[in-house]
Amino acid sequence: TRREFWEMIYEAAHGGTTVFVTTHYMDEAEYCNRVCIMVDGRIAAMGTPGELKEQYRSPSMEGVFLQLARGATRAADR
């Protein structure tokens with residue numbers, strides 16, 4: 001069903017519709033044209049998957065996310 005979901009998203013996008021996707025699956029972020037990663041309710045990084053992987057020197061979006069999340073400070077800890 002996830003594959004069918006992405007096929008519907010691609011179809012809408014190719015038809016000119018802007019689609020916002022929220023996911024916790026970083027492999028799915030690879031399918032997007034542009035990614036915004038939020039940590040502690042703030043935008044920590046934004047760009048194409050390729051740009052972010054290059055910027056964070058990671059072979060995967062999972063690696064990008066882990067680098068950002070590890071540096072997080074929770075509001076309760078401030």
Side-chain angles (χ1 to χ4, degrees):
T1 58
R2 282 175 62 192
R3 184 76 241 151
E4 290 174 10
F5 172 71
W6 280 100
E7 288 173 10
M8 292 183 339
I9 289 173
Y10 285 141
E11 185 178 324
H14 287 285
T17 301
T18 298
V19 180
F20 288 89
V21 175
T22 301
T23 183
H24 289 91
Y25 298 103
M26 291 296 103
D27 62 318
E28 289 186 345
E30 298 271 0
Y31 303 146
C32 299
N33 293 329
R34 190 164 176 172
V35 176
C36 176
I37 298 176
M38 295 186 74
V39 177
D40 293 333
R42 295 196 170 127
I43 295 173
M46 186 167 30
T48 68
E51 290 169 346
L52 294 176
K53 289 187 290 187
E54 184 177 326
Q55 180 180 351
Y56 290 92
R57 295 186 174 101
S58 174
S60 69
M61 287 303 298
E62 180 76 17
V64 171
F65 172 76
L66 289 174
Q67 286 184 54
L68 292 166
R70 285 184 183 134
T73 56
R74 305 290 179 250
D77 295 338
R78 291 182 199 151

With a cut-off of 3.5 Å and sequence neighbours excluded, list every side-chain donor-acceptor pair involving residues 11-24.
unit_1 : atom_1 : unit_2 : atom_2 : d
T23    : OG1    : Y25    : N      : 2.9
T23    : OG1    : E28    : OE1    : 2.7

Identify each donor-acceptor pair in which a side-chain atom of residues 30-38 lies under 3.5 Å from a protein atom, sequence neighbours left out, and give them as a table.
unit_1 : atom_1 : unit_2 : atom_2 : d
E30    : OE1    : K53    : NZ     : 3.0
E30    : OE2    : M61    : N      : 3.3

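Going from atom CD1 of I43 over to atom CG of L68 covers 12.0 Å, rounded to the nearest 0.5 Å.
Looking at Q67, its side chain never comes within 3.5 Å of a backbone N or O of V64 through a donor-acceptor pair.
Shown here for A45 and Y56, the closest heavy-atom pair between the two residues is CB-OH, 3.9 Å. Between S58 and G63, the closest heavy-atom pair is OG-CA, 3.3 Å.
Counting heavy-atom neighbours within 6.0 Å of R2 CZ, excluding the residue itself, gives a total above 12. In the displayed structure, E4 atom CD is contacted under 6.0 Å by at most 12 heavy atoms of other residues, nucleotides or ligands.
Considering only residues two or more places apart in sequence or on other chains, E62 meets the side-chain contact (heavy atoms from CB on, under 4.5 Å) condition with M26, S60, L66.
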